[in-house]
Amino acid sequence: MSFDKFKDECGVFGIFGHPEAANMTYLGLYALQHRGQESAGIAASDGQVIRLSRNMGYVADVFDAETLAGLPGSMAIGHVRYSTAGQSSVANAQPFLIDCAHGQMSICHNGNLVNATELRDALVRQGSIFQSSTDTEVILHLYARSRAATVEEAVVDAVSQVQGAFSLAMMTRDRMIAVRDPHGFRPLALGRLGDAYVVCSETCAMDLIGASYVRDIEPGEILIITEGGVRSVKPFAPAHVSQCVFEHVYFSRPDSYVFGRSVNEVRTNLGRILAREQYVPADVVVPVPDSGVCAAMGYADEARIPLRMGLIRNHYVGRTFIQPQSAIRHFGVKVKLNPVKSILDGKRVILVDDSIVRGTTSRKIVKMVRAAGATEVHVRISCPPTISPCFYGVDTPRRSELIAATHTLEEITTYLDADSVGYLSLDGLLSAVGSERESYCTSCYTGHYPVSFPHDEATYLQLALKLDKGEVVVK
Ligand code: SF4
């Protein structure tokens, strides 16, 4: 059942130097489940051999005590996936594991490579045989073919040839390697658990296992973790840092620190600034749960209007929910959200959400709130209008399906049947993330893309992915 949201991308986790590495990774992935629900996997090394277990489904369904017992060793990496590149099948589930001239190598990837198709075509012409349809496998092929003398040099050789978004956790039999692309699109944090080292997409994974956050892995940094300690190398040419601002708006958990900032704090700020920019008199502020809650709290606080949970979410609706043949209108939304009549009846309502993608769900929610007796419904969105697709690891619809790309504010208001619709400004969004506003990617709000694609990659993006001719603008 589509809920008309951008889809989360992937989550990566790795731990080095812990006697229960696979168990810790299982817990870490559990905390990162919101970043991908299609497949999960863990690779673990006992110093001699890397073993792998991966399958389709939630972390809790993929692993049990027996599977985890089959993954011995003090080092492990793990992955939860939502397919942003490549199809949804177990062949595409990560980690990947290969054995090549450099020995065994396992990899987990969060992000999308923008030149994967070109590289893959060239590799296939040279005789490479691919096992999956993902961009991640390209990195492994480049690594395996590298003539560099050492593992580290071969990793540098491989990742220097790919472009786009990549936060990677890699592992040989005796070392862990964490890589963040020079633009730093996707997060990757370093932590400690006793003597063990942890790398993960979000700090909420560290909280669950009792690890402490040390720092972010920097854009363009490669960390090599061995028995001898941690070494950092920065082999990439300097690049404009473009951290995904949507991690703060929607993807990351509010209890995480991402890009060095509290997600809850940023998200609450978004709501405060939204209230200043898009104030409207009303009786209650109602969040669209769960992702609109922090922004709604900020809005209510700033506007001095009471916050009420006027929509209740059913948390037990899985991704496999099949909409039955039914005459009930808007069944898909109703099974997930239910209005609280005693809160909404006779009230002027400000409905706060984090984004509008196609508008279909927002329209149903407005209708639901009106049916519960609201006299006015004002929709407030804690980010600017989404007008362009993402190519850096977030699953977005085609540009022509994004309501804000094809409709004016007035038309959106009419379509949603709202009394008013108000978005946060780009300036408001950037001021909420603090003083490093230049270091964020905002492409889905501006249509300006920070990574310049190779010439025919732009054609690829236009034709094969999400854009129509002439829509790619390179910064
Ligand atoms: S285009 Fe949007 S979703 Fe994609 S990386 Fe940039 S800010 Fe994030």
Side-chain angles (χ1 to χ4, degrees), residues 4-12 34-36 82-85 109-116 135 162-167 180-188 201-202 216 219 239-253 256 258-259 261 263 266-267 270 291 353-358 381-399 401-405 423-434 436-453 457-458 461-462 465-467 471-475:
D4 194 26
K5 285 284 181 194
F6 282 2
K7 298 292 191 308
D8 299 358
E9 337 100 14
C10 296
V12 302
H34 61 288
R35 296 184 72 88
Y82 176 81
S83 51
T84 48
H109 174 200
N110 177 200
N112 258 23
L113 307 179
V114 297
N115 64 340
D135 53 351
V162 296
Q163 293 168 7
F166 49 98
S167 281
R180 194 158 165 228
D181 71 73
H183 299 277
F185 282 108
R186 310 254 71 91
L188 195 61
S201 299
E202 291 182 38
D216 278 7
H240 183 81
V241 175
S242 303
Q243 302 172 121
C244 172
V245 79
F246 210 60
E247 290 278 353
H248 275 302
V249 173
Y250 171 64
F251 287 129
S252 298
R253 270 176 41 167
S256 285
V258 162
F259 308 135
R261 292 191 58 105
V263 175
V266 171
R267 221 167 266 177
L270 294 172
S291 51
D353 204 353
D354 53 61
S355 54
I356 302 178
V357 182
R358 295 180 181 85
I381 303 298
S382 61
C383 70
T386 308
I387 58 160
S388 257
C390 173
F391 301 109
Y392 310 127
V394 173
D395 185 51
T396 49
R398 291 176 65 90
R399 183 176 173 135
E401 293 173 61
L402 295 168
I403 191 169
Y423 287 91
L424 186 67
S425 69
L426 185 62
D427 198 53
L429 171 67
L430 290 172
S431 47
V433 295
E436 305 93 30
R437 47 195 292 161
E438 293 302 317
S439 65
Y440 281 90
C441 174
T442 55
S443 301
C444 45
Y445 309 118
T446 62
H448 297 275
Y449 292 91
V451 168
S452 48
F453 325 110
E457 189 71 11
L461 288 168
Q462 284 166 341
L465 277 176
K466 316 264 173 72
L467 298 180
E471 286 186 336
V472 170
V473 183
V474 177
K475 229 186 211 172

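Every number for a ligand or one of its atoms is a count from 1 in the order of the listing.
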Answer yes or no for Cys390: is there an N/O/S atom below the 2.8 Å cut-off from atom 4 (Fe) of ligand 1?
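Looking at Cys390, which is the residue asked about, there is an N, O or S atom under 2.8 Å from atom 4 (Fe) of ligand 1.
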
Can Glu202 and Arg35 be said to form a salt bridge (Lys or Arg N to Asp or Glu O under 4.0 Å), step by step?
CA-CA 10 Å; Glu202 291 182 38; Arg35 296 184 72 88; 2.7 Å; yes

Identify, for atom 2 (Fe) of ligand 1, the protein heavy atom at the shortest distance, and state residue, atom and that distance.
Cys444 SG, 2.3 Å

Under 2.8 Å from atom 2 (Fe) of ligand 1, can any N, O or S atom of Cys441 be found?
no

How are the rings of Tyr449 and Phe391 set to each other: parallel, tilted or perpendicular (split at 30° and 60°)?
tilted

Report the relative orientation of the aromatic rings in Phe185 and Tyr392; use parallel for angles under 30°, tilted for 30 to 60°, perpendicular for over 60°.
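Because their plane-to-plane angle is under 30°, the rings of Phe185 and Tyr392 count as parallel.
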
Mark up the atoms of ligand 1 that fall under 4.0 Å of a heavy atom belonging to Cys244, in ascending order.
3 (S), 5 (S), 7 (S), 8 (Fe)

Between Arg267 and Val249 (side chain of the first, backbone of the second, donor and acceptor by atom type, cut-off under 3.5 Å), is there such a pair?
yes

